[in-house]
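Contents: one structure, followed by commentary.
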Amino acid sequence: MAANSGCPQRLEKDEPTDPAVAVWRKWQAAHQQAERLCRQQQRLERKLAESVGFPCATIRLRDGESVTLHSRGALQEVLDLCPEDEATRAKAEADFAAHQARWDAADREIGYSAALHAERESADRAEDMLEMLSETPAASLAGVAAKLDAVLREGEVSEDSIEFPWPQIRSTLDDVIRIGQRLVPEQMLASEMLQSKPARKREGRRLRVWAEADGGTA
C-alpha cells in the first residue's frame with residue numbers, strides 16, 4: 001500500500017478549517033495533470049522530430065555558405081538581407097512548404113498539436129491555482145506547509161538544488177511539518193509532502209517548438 005494512502009482523509013478533514021489546503025489540493029491535481037501532459041507532448045514532439053524533422057529549408061548564399069532555417073520568418077529575413085535570384089528564393093520557399101506539409105500530416109496523425117494545446121491549458125490552470133493559493137491565507141500549519149510545498153514543486157529547477165532560496169525553503173518546510181506533527185498531527189500533510197521530493201521543473205514550454213520560432217503556428 002502506498003505510504004500516502006491515508007492522506008486524502010487528512011486533507012478532507014483539513015479543508016473546512018483551512019482554505020489554503022483546499023486550494024492546494026486543486027493546484028496539486030492541476031499540476032500533476034500538466035506534468036503528465038507535458039511528458040506526453042514531449043514524447044510526441046521527439047517522435048515527429050525523429051521521423052519527419054523540424055520544417056526547414058537550406059539556402060546556399062552567393063559566398064558559398066549554406067544556412068538551414070527553421071521558420072518562415074527566418075527564411076524571409078535571410079532572403080531579404082541577402083537577396084539571391086528568384087529561382088533560389090522560390091526553391092527555398094517550396095522546400096520549406098513541402099517539409100511543413102509533411103510535418104503537418106504527421107502531426108495530425110499522432111496528435112502532437114492537440115497534446116501541446118492540452119498541456120498549455122492544463123499548465124495555465126495550474127498557474128491560476130498557484131496564484132490563488134498565494135492569495136489564500138493559511139489558517140493552520142498544514143496550510144503553511146501546503147503553500148511551501150507548492151512553491152518548491154513549481155519553482156525549484158532541479159531536485160535538491162543548492163541554489164538560494166531552495167535549501168532554505170526545504171528546511172523551512174521540514175520545520176513546519178515537524179512542529180505541526182508534534183502539535184497537531186491530525187491536521188498535517190506530512191506523509192505526502194515528506195515522501196515525495198519536489199518535481200523537477202517542467203520543460204514543456206522550453207522545448208524547441210519549431211512553430212514558435214515564427215511567432216506561432218505556421
Side-chain angles (χ1 to χ4, degrees), residues 1-44 111 113-207:
M1 179 179 295
N4 63 352
S5 60
C7 191
Q9 287 77 12
R10 282 192 296 277
L11 288 171
E12 289 170 3
K13 183 173 182 178
D14 289 337
E15 277 189 25
T17 58
D18 196 332
V21 172
V23 176
W24 175 78
R25 291 191 72 186
K26 295 176 182 178
W27 167 80
Q28 180 170 245
H31 178 78
Q32 290 173 343
Q33 182 182 40
E35 292 284 342
R36 178 182 60 78
L37 291 172
C38 179
R39 290 190 294 270
Q40 178 185 3
Q41 67 90 2
Q42 286 176 336
R43 287 195 298 270
L44 294 175
S113 288
L116 181 62
H117 179 71
E119 187 271 332
R120 286 173 172 167
E121 286 191 334
S122 184
D124 287 343
R125 285 194 296 273
E127 289 177 6
D128 290 343
M129 288 295 101
L130 187 64
E131 182 176 355
M132 183 181 299
L133 180 59
S134 71
E135 297 171 352
T136 303
S140 67
L141 287 175
V144 175
K147 296 175 81 168
L148 289 171
D149 173 73
V151 170
L152 277 172
R153 290 165 60 187
E154 182 66 28
E156 191 176 19
V157 175
S158 61
E159 293 178 3
D160 300 323
S161 172
I162 62 173
E163 298 295 325
F164 178 85
W166 307 117
Q168 290 77 17
I169 294 177
R170 286 197 301 270
S171 176
T172 302
L173 175 58
D174 289 345
D175 290 342
V176 171
I177 291 176
R178 187 184 67 257
I179 295 170
Q181 283 180 304
R182 186 173 70 247
L183 298 179
V184 282
E186 72 280 0
Q187 292 182 356
M188 294 309 295
L189 316 173
S191 64
E192 184 168 354
M193 291 183 185
L194 288 177
Q195 296 186 28
S196 61
K197 291 183 178 181
R200 293 183 184 276
K201 189 174 182 67
R202 288 185 294 109
E203 299 291 337
R205 295 193 175 189
R206 292 193 287 161
L207 277 179

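Residues Gln32 and Arg36 are not in side-chain contact: their nearest non-hydrogen atoms beyond the backbone lie 4.5 Å or more apart. Between Ser113 and His117, every side-chain heavy-atom pair lies at or beyond the 4.5 Å cut-off. You'll find the side chain of Val144 stays beyond 4.5 Å of the side chain of Lys147, heavy atoms only.
Of the possible donor and acceptor atoms, none in the side chain of Ser161 sits under 3.5 Å from a partner among the backbone N and O of Ser158.
Applying the side-chain contact (heavy atoms from CB on, under 4.5 Å) criterion to Ala139, with sequence neighbours excluded, gives Asp18, Pro19. With sequence neighbours left out, Arg178 forms a side chain to side chain donor-acceptor pair (under 3.5 Å) with Asp175. Applying the side chain to side chain donor-acceptor pair (under 3.5 Å) test to Gln33 and every residue at least two apart in sequence or in another chain returns Ser122, Arg125. Under the side-chain contact (heavy atoms from CB on, under 4.5 Å) criterion, Gln168 pairs with Phe164, Pro165, not counting sequence neighbours. Residues meeting the side-chain contact (heavy atoms from CB on, under 4.5 Å) test with Ala115, sequence neighbours left out: Gln40, Gln41, Leu44.
In this structure, CD on Glu121 lies 7.5 Å from CG on Asp124, to the nearest 0.5 angstrom. Between Gln28 atom CD and Arg153 atom CZ the span is 4.0 Å, to the nearest 0.5 Å. If you take CG on Asp174 and CD1 on Ile179, they are separated by 11.0 Å, rounding to the nearest 0.5 Å.
Of all the heavy atoms in Leu133 and Ala146, the pair that sits closest is CD2-O, 4.3 Å. Between Ala126 and Trp27, the shortest heavy-atom contact is O-CD1, 3.3 Å. Of all the heavy atoms in Ile177 and Ala145, the pair that sits closest is CG1-CB, 4.1 Å.
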